[in-house]
Amino acid sequence: MNRTPLVAGNWKMHKTIAEAEEYIQALLPRVSDVDGVEVGICPSYLSLQPLVDSTRGSRVAIYAQNMHEAEHGAYTGEVSAPMLVEVDVHGVVLGHSERRQYFGETDRALAAKVPAALAAGLQPILCVGETEDEREAGDTERKLRHQVQEALARAPDDRIPDVVIAYEPIWAIGTGIVATPDQAQEAIAFVRALVAGRWPEQSERVRILYGGSVKPEGAGDLIAQPDIDGFLVGGASLDPEAFAAIVRAAVPAP
Ligand code: PGA
């Protein structure tokens with residue numbers, strides 16, 4: 001099964017609008033000739049509209065970092081799927097471990113967010129992953145099973161191939177510790193098997209990314225694994241040169 005790799009840069013709470021624009025002008029020429037890889041940038045809400053405008057017609061798609069599951073309502077500080085669609089963003093990161101850890105994101109809310117994003121026409125990038133303690137206790141598979149099954153519980157069968165999953169072990173996020181290619185492959189193959197448990201035919205079409213301290217060096221060895229379909233990149237995505245190098249590493253061999 002040929003799955004088009006996706007490399008998405010999650011800027012988290014970095015870059016003002018002016019900084020975001022400057023970055024995009026540096027990134028676009030560096031990825032304009034890269035074929036066979038989808039490229040995403042996930043800036044702050046405020047930079048979504050400016051970056052959608054300045055990347056139009058390019059190979060860079062713009063994703064939000066979160067959204068609320070309701071279409072509208074009394075949810076101070078939140079942003080809904082129709083609001084993201086209005087500014088023409090391509091997709092949305094859901095369930096990032098920082099949202100889960102600092103802002104009370106739950107699997108239950110994600111079970112509503114994933115179908116809400118799909119229904120609105122947004123591509124969800126659903127993040128899952130275990131903590132260091134869970135890995136050491138041998139609980140990685142139990143944690144992944146819970147997160148994947150809960151979050152996809154209400155996703156419509158025919159839209160499963162539109163969901164992107166990012167396996168991001170929490171011990172690797174922002175720590176400089178990268179999962180080994182074998183560790184990442186093993187966990188990602190397990191995630192794919194979980195999807196196959198309910199959607200045997202679609203599971204081969206679902207893209208599953210690795211995230212956690214991805215850098216240009218090492219990206220090639222990760223993407224060479226059979227089940228790793230790209231990257232969700234945090235820190236290294238803040239520099240257009242480093243991010244473009246990771247994008248280039250994900251180009252499929254001819
Ligand atoms: P990192 O972040 O690349 O800085 O580890 C990854 C992420 O949180 O998506």
Side-chain angles (χ1 to χ4, degrees), residues 5-15 19-20 23 27 37-45 47-48 51 60-67 89-105 110 113-114 117 123-132 134-135 140 143-144 147-148 151 163-181 183-185 187-188 191 207-223 225 228-250:
L6 168 64
V7 178
N10 172 16
W11 286 355
K12 311 188 179 184
M13 199 175 72
H14 291 285
K15 298 196 190 291
E19 289 163 348
Y23 175 107
L27 178 67
V37 181
E38 288 178 24
V39 183
I41 290 289
C42 321
S44 84
Y45 285 128
S47 293
L48 289 174
L51 291 200
V60 177
I62 303 301
Y63 291 71
Q65 297 177 12
N66 181 36
M67 62 166 228
V89 309
H90 184 74
V92 58
V93 177
L94 295 175
H96 189 278
S97 64
E98 288 150 17
R99 297 297 319 167
R100 296 176 188 261
Q101 185 181 350
Y102 305 133
F103 304 103
E105 181 79 280
L110 290 165
K113 290 187 180 196
V114 171
Q123 176 169 72
I125 301 180
L126 169 69
C127 302
V128 298
E130 81 287 359
T131 63
E132 186 175 10
E134 287 162 341
R135 176 161 279 264
T140 299
K143 176 74 172 292
L144 293 176
Q147 288 184 322
V148 171
V163 177
V164 175
I165 302 176
Y167 166 65
E168 300 206 299
I170 292 164
W171 46 270
I173 294 179
T175 57
I177 301 167
V178 191
T180 65
Q183 283 174 325
Q185 164 61 25
I188 287 176
V191 169
R207 289 179 293 177
I208 310 181
L209 317 181
Y210 168 77
S213 298
V214 176
K215 293 179 212 64
E217 52 282 7
D221 290 340
L222 286 161
I223 199 81
Q225 298 295 317
I228 302 181
D229 302 321
F231 304 114
L232 185 55
V233 187
S237 76
L238 296 173
D239 172 46
E241 188 66 57
F243 184 62
I246 295 169
V247 171
R248 283 195 294 272

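Whatever order the structure lists ligands and atoms in, that order sets their numbers, starting from 1. The structure presented is a predicted model; accordingly, all values stated were derived computationally and were not measured.
The atoms of ligand 1 that sit less than 4.0 Å from any heavy atom of H96 are 7 (C), 8 (O), 9 (O). Listed by atom number, the atoms of ligand 1 under 4.0 Å from L232 heavy atoms are 9 (O). Which parts of ligand 1 touch S213 is read off a 4.0 Å heavy-atom cut-off, strictly below it: atoms 1 (P), 3 (O), 5 (O). Near N10, with a cut-off below 4.0 Å to any heavy atom, the atoms of ligand 1 are 9 (O). Contact atoms of ligand 1 toward G212: 5 (O) (distance under 4.0 Å to a heavy atom of the residue).
In this structure, CG in L126 is found 10.0 Å from CD1 in I208, a value given to the nearest 0.5 Å. With rounding to the nearest 0.5 Å, the separation of CH2 in W171 from CZ in R135 is 5.0 Å. N10 CG to Y63 OH: the interatomic distance, rounded to the nearest 0.5 Å, is 12.5 Å. With rounding to the nearest 0.5 angstrom, the CD atom of E98 is 6.0 Å from the CD1 atom of I173.
What you find for A219 and V214 is that their closest heavy atoms are CB-CG1, 4.5 Å. The minimum heavy-atom distance between S213 and K215, with the atom names listed, is O-NZ, 3.2 Å.
Taking 4.0 Å as the cut-off, A172 counts as a neighbour of ligand 1 on heavy-atom distance.
At a 3.5 angstrom cut-off on N or O pairs, G234 counts as close to ligand 1. Among the atoms of G174, some N or O lies under 3.5 angstrom from an N or O of ligand 1.
Looking only at heavy atoms of the protein, atom 4 (O) of ligand 1 is closest to G235 N, 2.8 Å. Nearest protein neighbour of atom 7 (C) of ligand 1, counting heavy atoms only, is E168 OE2, 3.2 Å.
With sequence neighbours excluded, the residues satisfying side-chain contact (heavy atoms from CB on, under 4.5 Å) with V39 are V60, F243, V247.
Heavy atoms of I173 found under 4.0 angstrom from ligand 1 belong to the backbone as well as the side chain.
Residue pairs that meet the side chain to side chain donor-acceptor pair (under 3.5 Å) test with at least one member in residues 230-248, sequence neighbours left out, are R30-E241.
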